[in-house]
Amino acid sequence: MSKTPPSKVLDRVLVLEMVRVTEAAAIGASKLIGRGDEKAADAAAVEAMRAALNELAMDGTVVIGEGERDEAPMLYIGEKVGSAQGTGPKIDIALDPLEGTTITAKAGPNALAVLAVAEEGNLLNAPDVYMDKLAVGPGYPEGIIDLAKSPTDNVKAVAAAKGVEPGEIIVCVLDRPRHADLIAELRGLGCGVVLIGDGDVAGVIAVTNPDTTIDLYMGSGGAPEGVLAAAALRCVGGQFNGRLLFRNDDERGRARKWGIENLDKIYTRDELAKGDCIFAATGVTDGSLLKGVKRMKGGVITTNSVVMRASSGTVRWVSGEHRNRG
């Protein structure tokens, strides 16, 4: 992994400030865990994240958000956040205040509040469409994965580099009907397939953690989540390929509106997230990456977060105790 020079815009202080933002969103959403109301859980996370972002001395722009302005009243693509508009550092923000709304409503595992920040122009302004994704953890030769090749070819390439048979490779896939052929192909190779119900940012990041035993992530999910995952991989290593998927002309038009000219392009990690990035996530429900929010006696709320920075390659695990929080 080549050295990323530190950004003069992304101050070290901002690293821990990003954790405070994701903590706020996670605590907001945690009130709705298991309550069966996806929209209310998402709205609580959005409101809390927006308030926390607006306390920061920056000139921030949401480039990956809850949707376009007409569809999302808060944290929409293009929304300005921060208390120093016009004077503070210009920062692009990709965010998902609640990655796993269904998970949260059902009290399932791996719901997260996540965001990534970079200097202006360094995060792909991806439309809210699907993206075909392929990711592998660190330690492999550059270009080991290629979305233009078949799942079988990619599994065999990683297996050869790892020095194992293809059947020993473990692949994480979203459990969706659209992935039936992919799952059948992987199992035909003898691969172990870890199926997740939601939360593909956590699924992609899992390839970087040896404890998960997951080697590859494959399949389609949201394009905004692809940019967030690419930012995390940029901080800690690993490779990522993504290609936007369009269901109709309306989605193609929205992509062009946001400056996407080559609709068939396969993006690498560094084309989705460039330069010095900061990635932060706080667990909402317990998961493989982070423990969720816990409400304890006496009004104490505990959180667990991770924050990463590309230029330093630093990963910090942050446990918090919060008093007098809602």
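These numbers come from the heavy atoms of this one structure, side chains and all, not from hydrogens, waters or symmetry mates.
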Interatomic distance, CD1@Ile169 vs OG1@Thr213, rounded to 0.5 Å, equals 10.5 Å
Gap between atom OH of Tyr267 and atom CZ of Phe240 - 0.5 Å precision: 12.0 Å
Ile266 versus Ala148, closest heavy-atom pair with distance: CD1-N, 3.6 Å
A side-chain contact here means heavy atoms from C-beta on lying under 4.5 Å apart; do Asp270 and Arg234 qualify? yes
Salt-bridge contact Arg20-Glu55 (side-chain N to carboxylate O under 4.0 Å): no
Using side-chain hydrogen bond (donor to acceptor under 3.5 Å, both in side chains) as the criterion, list what pairs up with Lys149, not counting sequence neighbours. none
If Ile, Leu, Val, Met, Phe, Trp and Tyr residues are connected whenever their side-chain heavy atoms lie under 4.5 Å apart, and connections chain through other members, are Tyr217 and Val164 in the same group? no
The reported gap from CH2 in Trp317 to CG in Asn304 (rounded to nearest 0.5 angstrom) is 9.5 Å
List the residues meeting side-chain hydrogen bond (donor to acceptor under 3.5 Å, both in side chains) with Thr104, not counting sequence neighbours, and say none if there are none. none
With a cut-off of 3.5 Å and sequence neighbours excluded, list every side-chain donor-acceptor pair involving residues 186-211.
{"from": "Asp200", "atom 1": "OD2", "to": "Lys133", "atom 2": "NZ", "distance (Å)": "2.5"}
{"from": "Thr208", "atom 1": "OG1", "to": "Ile205", "atom 2": "O", "distance (Å)": "2.7"}
{"from": "Asn209", "atom 1": "OD1", "to": "Asp211", "atom 2": "N", "distance (Å)": "3.0"}

Quick one: does Thr285's side chain have a donor or acceptor within less than 3.5 Å of a partner on Gly108's backbone? yes
Measuring from atom CD1 of Ile77 to atom CD1 of Ile93, what distance do you get when rounded to the nearest 0.5 angstrom? 13.0 Å
Taking all heavy atoms of Gln239 and all of Tyr140, pick out the closest pair and write down the distance. NE2-O, 3.4 Å
Considering all heavy atoms, the nearest Asp59-Gly88 contact: CB-O, 3.6 Å
Side chains of Glu17 and Val307: closer than 4.5 Å at any heavy-atom pair? no
Flag for Glu23-Thr282: side-chain donor and acceptor within less than 3.5 Å: no
Between Asn154 and Asp146 (side chain of the first, backbone of the second, donor and acceptor by atom type, cut-off under 3.5 Å), is there such a pair? yes
Donor-acceptor under 3.5 Å (Asn110 side chain, Ser288 main chain): yes
Under 4.0 Å between a side-chain nitrogen and a carboxylate oxygen: does that hold for Glu168 and Lys162? no
Any sub-3.5 Å donor-acceptor pair from Arg254's side-chain atoms to Val129's backbone N or O? no
Before giving the answer on side chain to side chain contact (heavy atoms under 4.5 Å, CB included), spell out for Met308 and Cys277 the whole-Å C-alpha distance, their side-chain angles and the decisive distance to 0.1 Å. CA-CA 8 Å; Met308 316 170 182; Cys277 301; over 6 Å; no
Verify the cluster assignment for Ile278 and Val318: are they in a single hydrophobic cluster under the rule of side-chain heavy atoms below 4.5 Å apart? yes
Looking at residues at least two apart in the chain, or sitting in another chain, which of them share a side-chain contact (heavy atoms from CB on, under 4.5 Å) with Ala52? Val21, Ala24
Chi angles and distances behind the side chain to side chain contact (heavy atoms under 4.5 Å, CB included) call for Leu216, Ile145: CA-CA 9 Å; Leu216 284 160; Ile145 56 171; 3.9 Å; yes
Side chain to side chain, Leu56 and Met18, heavy atoms closer than 4.5 Å: yes
Salt bridge (charged side-chain N to carboxylate O under 4.0 Å, His left out) with Lys156: which residues, sequence neighbours excluded? none
Would you find a donor on one side and an acceptor on the other, under 3.5 Å apart, between the side chain of Asp276 and the backbone of Ser311? yes
Any idea which heavy atoms bring Leu290 and Ala281 closest together, and the distance? CD1-O, 3.5 Å
4.5 Å side-chain heavy-atom contact, Leu147 and Met218: no
What heavy-atom pair brings Leu123 and Ala118 nearest, and what distance separates the two atoms? CG-CB, 3.9 Å
Classify the side-chain pair Thr152/Glu185 by whether it contains a donor and acceptor separated by less than 3.5 Å. yes
Hydrophobic clustering (ILVMFWY, side-chain heavy atoms < 4.5 Å, transitive) - are Met131 and Leu174 grouped together? yes
Would you say Met49 and Ile33 are hydrophobically clustered, going by side-chain heavy atoms of ILVMFWY under 4.5 Å? no
Residues which pass side-chain contact (heavy atoms from CB on, under 4.5 Å) with Asn248, listed by chain and number, not counting sequence neighbours: Asp250, Glu251
Smallest separation among heavy atoms of Val114 and Leu228, with atom names: CG2-CD1, 3.7 Å
Report yes or no: does Asp215 contribute a side-chain atom to a donor-acceptor pair with the main-chain N or O of Ile170 at less than 3.5 Å? yes
Can any side-chain N or O of Asp92 pair as donor or acceptor with the backbone N or O of Val63 at less than 3.5 Å? no
Count I, L, V, M, F, W, Y as connected when their side-chain heavy atoms are under 4.5 Å apart, and connections chain through other members. Are Val46 and Val284 then in the same cluster? no
Validation row: Arg316, Val15 side chains within 4.5 angstrom (heavy atoms): yes
